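See structure below.
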Amino acid sequence: MRQGPVARRRPRIVLGTLAMSLAGAALLVQAPAAGAPPGPSDPDTRDWWALTRELAGDDMAGRDTGSLEYDRAAALVARRFAAAGLTPAGVDGTWFQPIDFTEMRLDSARSRMAIGGRTLRFNHDLTLSLGVDTPSRLAVPATFRGYCGPDEIGDVRGRLVVCYGRPAPARIGSFDRARALRGAGAAGMLLIAAPGFAGEPMRWPLAYSRTVTFAGQGSGPSSTATGTFLSGMLNPAAFARLNPRAPAILAAGASDRALPRIELGPLAAELTVTRAAIRSANVLGLLPGTDPALADQAIVVAAHLDGYGRGEPVGGDGIYNGALDDAAYVALLERLAARRAGQGFRRPVLFAVFTGEEKGLLGSRWYVDHPTRPLASHAAVINLDQIRPLYPLKVLSVHGLVESTLGDHVRRVGHQLGIAIQEDPEPERNLLRRSDNWPFMAAGVPGTSFVFATYDATSRARYRDWYLRRYHHPADDLDTPIDWQAAADFNRFFYTLTQSIADGSEAPAWKPGGAAERELTAP
């Protein structure tokens, strides 16, 4: 492919010694943003939100993996852990576990793509999944083949194939469309992104077309393939402009009706992709346990520090702050550490702040494969992500509720605090596998995570508004209208749950059969 210059960024001081890495960390809490909602009234929640402001302000520029701002945020978290009395749990006696990555980024200004003579705007009309097999130039016919099920593909050799649906429609089952199209000789595949997926609609623009992978392992989901193959997602609104039948097709697909085959005209693409070697670090701190007999039963409390950084502006704002996703819950780990002030639970607690979650759970995957303490000594993981206190906390949807005895702790604490507990009511979103609890669970460590559940028209409206306007967009910022009592209620739930598990009489254990086996063995 035609590539831009290969850049190697100098490893930054944050990955070296603690003293050097923390020297420039900002300690001042930002002033409230103009128009921000009234702040919390209780001291603990005020302190939590002050820490959130440190991590999610515009000066942190969204803390993208591999950025200088991420490094500053990681240094600040390490300083907070040190002040709270944790001990370093990274590599070589530091707070950090550095990871080398390869970044591939589409240079939109030097790239172009059109179907049927209609120009498509990168990040607005489509986004590409970049890999070593992404072509620099492509000129082939484009065709729409319905859901691209096994009976719909037909002869696609030398064609770009557009398919309805991401995520895959239920009628596709486990059929691997990309593999089938590659095997049939297609030149590429564009998936129409979530045109009928009400639970989590895709919002455009996307921040950027960028792929980050572990260094030395290729780039992109198809890095082991031979030849070239163009992969990406297509905005349903853009598809609707490519053919007069497209609006009717989108409506039929949303109703799971049969779809026709149509030709879309020629595809013409010229793509410039830049490559860079980048480095980013997990931040790891340990609160030692008080019972020597339980020293090999560490409880991991986890959240991810990375956001999307700077990206495609929305309403003139190009900073994807990631305030609730997930700076606020890194801040909650900081608060838990500060509240304990070095006083341990019976079991050790590992405070794990991961990088690269938004790029594919990279930091947690790396940790599980390269643990700084034996993986067998990890008894459980409590993961904080997807938590949005936008309305009163009455019900929590819990991932991993029935898989292990962690769910028993969750139910007891919920009952104690007056919070109803339920299993995930949206299994089609696959949330169990989409956050940093999953690499641990897949490796045999019981895990759990949480989502504020909806229960009336107001909560459902605020939940939908989050996904329509804020999720993975610049509006996930410090002006988000927080329900401060709900935030305090969840924080108290987390503190109580951590103590229940870390001081419990028995270590968390898998429950035999049922959901655990189905989840952990599903493709």
Side-chain angles (χ1 to χ4, degrees), residues 25-63 69-70 72-81 83-84 283 285 301-307 317 319-341 351 353 382-393 396 417 419 450-452 459 462-463 465-466 469-471 473-498:
L27 296 181
L28 295 178
V29 178
Q30 298 177 0
S41 58
D42 68 283
D44 186 75
T45 309
R46 281 201 304 268
D47 289 344
W48 164 70
W49 194 246
L51 295 170
T52 301
R53 287 188 177 280
E54 289 185 335
L55 296 174
D58 283 354
D59 62 314
M60 287 295 186
R63 310 172 311 281
E69 292 85 4
Y70 178 93
R72 285 200 295 112
L76 183 55
V77 172
R79 180 159 189 160
R80 292 299 184 194
F81 283 174
V283 187
V301 289
H304 71 88
L305 183 57
D306 63 302
D317 185 358
I319 296 178
Y320 289 61
N321 302 76
L324 292 185
D325 186 16
D326 194 27
Y329 294 95
V330 173
L332 187 54
L333 297 190
E334 295 177 328
R335 279 300 302 146
L336 174 62
R339 286 167 61 94
R340 297 304 298 184
F351 289 70
V353 174
I382 306 169
N383 185 49
L384 302 180
D385 191 16
Q386 309 174 69
I387 299 160
R388 296 159 192 127
L390 308 173
Y391 42 84
L393 175 55
L396 274 179
L417 299 179
I419 302 169
F450 320 95
V451 174
F452 270 51
S459 62
R462 292 179 182 173
Y463 190 78
D465 177 75
W466 168 267
R469 298 198 303 115
R470 298 184 185 275
Y471 181 56
H473 266 51
D476 177 13
D477 61 13
L478 296 170
D479 290 336
T480 299
I482 305 297
D483 183 312
W484 298 112
Q485 184 59 54
D489 290 344
F490 179 83
N491 294 358
R492 183 169 60 254
F493 167 85
F494 169 66
Y495 300 148
T496 309
L497 177 66
T498 301

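Nothing fancy with the numbering, it's 1 onward along the sequence. Predicted, not measured: the structure shown is a model, and the values here were computed from it.
Atom CD in Glu54 sits 10.5 Å away from atom CZ in Arg79 (nearest 0.5 Å). We find the CG-CZ distance between Leu478 and Arg53 to be 5.0 Å, quoted to the nearest 0.5 Å. Expressed to the nearest 0.5 Å, how far CG of Leu332 lies from OH of Tyr495 amounts to 5.0 Å. How far CD1 of Ile419 is from CZ of Phe493: 6.0 Å, rounded to the nearest 0.5 Å. Taking CG of Asp326 as the reference point, atom CG of Leu333 lies at 8.5 Å (rounded to 0.5 Å). Remark: Leu336 CG to Phe494 CZ distance equals 5.0 Å, nearest 0.5 Å.
Using a distance-only test at 3.5 Å, with no hydrogens or angles considered, a donor-acceptor pair links the side chain of Arg470 to the main chain of Ala475. The backbone N or O of Asp59 sits less than 3.5 Å from a side-chain atom of Arg72, completing a donor-acceptor pair. With hydrogens and angles disregarded, a donor-acceptor distance shorter than 3.5 Å links the side chain of Arg63 to the backbone of Leu55. In this structure, the side chain of Asn321 does not engage the main chain of Ala323 through any donor-acceptor pair within 3.5 Å. Looking at Thr480, its side chain never comes within 3.5 Å of a backbone N or O of Asp476 through a donor-acceptor pair.
Between Glu334 and Phe81, the closest side-chain pair of non-hydrogen atoms falls below 4.5 Å. The shortest distance between side-chain heavy atoms of Arg492 and Leu417 falls below 4.5 Å. Residues Phe351 and Val77 form no side-chain contact, since every pair of their non-hydrogen atoms from C-beta on lies 4.5 Å or further apart. You'll find the side chain of Val330 stays beyond 4.5 Å of the side chain of Val283, heavy atoms only. In this structure, Tyr70 and Leu305 have side chains that are in contact, with non-hydrogen atoms separated by less than 4.5 Å. By the 4.5 Å heavy-atom criterion applied to side chains, Asp385 and Asp325 are counted as neighbours.
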Subject >> Working for side chain to side chain contact (heavy atoms under 4.5 Å, CB included), residues Leu393 and Asp483 >> reply: CA-CA 9 Å; Leu393 175 55; Asp483 183 312; over 6 Å; no

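Using bins of under 30°, 30° to 60° and over 60° for the plane-to-plane angle, the ring pair Trp48/Tyr329 lands in the tilted bin. Under the 30°/60° scheme for interplanar angles, the aromatic rings of Phe490 and Phe452 are found to be tilted.
Arg462 has no carboxylate O lying under 4.0 Å from a charged side-chain N of Asp465, or vice versa, which leaves the two without a salt bridge.
The shortest heavy-atom contact between Ile387 and Pro389 is O-CD, 3.7 Å. Across Ile319 and Gly62, no two heavy atoms sit closer than the pair CG2-N, 3.9 Å.
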